[in-house]
There are 2 protein chains.
Amino acid sequence: MSTSSIILGMNENDLRVQRTRALLRQALIDLVKSDGYENISIRDITKKAQVGYKTFYRHYEGKDDLLQSLVDEMVDEIKQVLAPPSDIEAPDKNPLASLTYMETNADLILTLLNSTAADQVLDKAVEFALEEGRLTFKSDFIPDELMAHHFASSMISLLRWWLEGDKQVSKLEMALYIDQLVIRPMKALSGIT
Amino acid sequence: MSTSSIILGMNENDLRVQRTRALLRQALIDLVKSDGYENISIRDITKKAQVGYKTFYRHYEGKDDLLQSLVDEMVDEIKQVLAPPSDIEAPDKNPLASLTYMETNADLILTLLNSTAADQVLDKAVEFALEEGRLTFKSDFIPDELMAHHFASSMISLLRWWLEGDKQVSKLEMALYIDQLVIRPMKALSGIT
DNA sequence: CACTTAAGATACACTGTGTGTCATAAATAA
DNA sequence: TTATTTATGACACACAGTGTATCTTAAGTG
């Protein structure tokens, strides 16, 4: 499921390996929050992580690769939130439940959505929505792919707007807006009453 | 209206200045199409433009600044297309007319929407939609700002999806999809029959 | 405890940025 | 046209960051 292109040939179970990677990821998160992804150098990351410069390249191909591994990790985590066993809390059925998670992780979510990996996040979201039976919305006139794309990109766009707006809008209001602008219209197109 | 931060103190009317800037902009466009914005160096640009390296910095602060000046130029041009005197061809009234323009300029539009300036394009689009009396959609429950944001981001997102999809979908179909996914729902929210 | 191997330290070549300086060519203004 | 202004080109330079190579050391593994 994870597509991080970590350099092969290392014992993933070695404590030193796990520690180094954990330190590098945490350093990236901290630095991205404080300085922004674009303004960070690999030397900054290794310095913050207290790790040798060369060591970085023993694990990742470059800055983008490290970010990618982080994104994969988060996407997997978010999937767990959006598709719980009960399925009652899925974002198209109950936006509020999802928003609670997003709000508590606002920093990291925005970091992710504002980074160069944003496109990949959208792609993964579309892919996720298209998974077998997951797509609630189906229209006779509009291709499934477009339905999924519009749903995912609208949700992400509204989420960014909300999280960047300094929380002027409450979680409850936002859920209502999402329902009116996205969910209901798409339900209507799907013939769901 | 234009916010390009061109370095001051130069005679804008001097033919040499105009020629240099035109060459640099065209070089950026060409290189972005062939190699992608991220992979271009300033040396590449000046080489392509047949302009001295140092000369670049006499006009722009850096790569982003040059892109910005290009974006400003394009946004102004697109505004003319989207808001003609007749106003009958506005995208919320007749998506088809706008799509014709977008299709013929697909390369450049995609370049722009995939560049680092994409966020600013969205901001400008929202700002444009919010201009006095321009916003057709108004809801009693949803803030104007959010209506404009959702409209703009949805249009841009659908546009990207369309232009990146190798034209599998005809202009006519796309106009229909836009109408069903965005225009009609927002009209309904506005109480427009 | 012996062995393996990841990590640290350091040096290096390379690419790209941004600035300084000066002679020259080209545009402007008279 | 001619004289003057000034944008440009051609270097040269300091600097920052990348990615690799090599050797030693320290830590984790079995």
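Just so we're on the same page: letters track the sequence lines, and every chain starts at 1. If you're wondering where the values come from, they're calculated on a predicted model, not measured in any experiment.
Counting only residues at least two apart or on different chains, the side chain to side chain donor-acceptor pair (under 3.5 Å) pairs with a member in residues 42-51 of chain A are A:S41-A:D44.
Counting distance only, with no hydrogens placed and no angle test, the side-chain atoms of A:R58 and the base atoms of C:dA6 include no donor-acceptor pair under 3.5 Å. Side-chain atoms of B:K54 and base atoms of C:dG20 include a donor and an acceptor less than 3.5 Å apart. Between the base of C:dG18 and the side chain of B:Y53 there is a donor-acceptor pair shorter than 3.5 Å.
Between A:R160 and B:D119 a salt bridge is recorded (basic side-chain N to carboxylate O distance below 4.0 Å).
Note on B:Q18: nothing from the nucleic acid sits closer than 4.0 angstrom, heavy atoms only.
Side-chain proximity of A:R16 to C:dT5, C:dT17, C:dT21: nearest is C:dT5.
As rounded to whole Å, 15 Å separates atom C1' of C:dG18 from atom CG of B:D64.
Dashed line: the shortest gap from a side-chain N or O of B:R19 to OP1 or OP2 of C:dA27 is under 4.0 Å.
Taking the six-membered ring for Trp and thresholds of 30 and 60 degrees, B:Y53 and B:Y57 have ring planes more than 60 degrees apart, a perpendicular arrangement.
Where A:R43 and A:T55 each meet DNA chain C at their nearest nucleotide, the meeting point lying more 5' is that of A:T55. Nearest-nucleotide assignment on DNA chain C puts the 5′-proximal partner with A:N11, out of A:N11 and B:I40.
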Just do the side chain to side chain donor-acceptor pair (under 3.5 Å) check on B:D72 and B:Q68 with the steps written out, would you?
-> CA-CA 6 Å; B:D72 289 343; B:Q68 186 61 53; 3.1 Å; yes
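Between chain A and DNA chain D, the heavy-atom contact criterion of under 4.0 Å yields a 5' to 3' nucleotide range of D:dG17 to D:dT29.
In this structure, the side chains of B:Q80 and B:Y101 stay at 4.5 Å or more apart for every pair of heavy atoms. Looking only at side-chain heavy atoms (C-beta outward), B:T111 and B:I29 stay at 4.5 Å or farther from each other.
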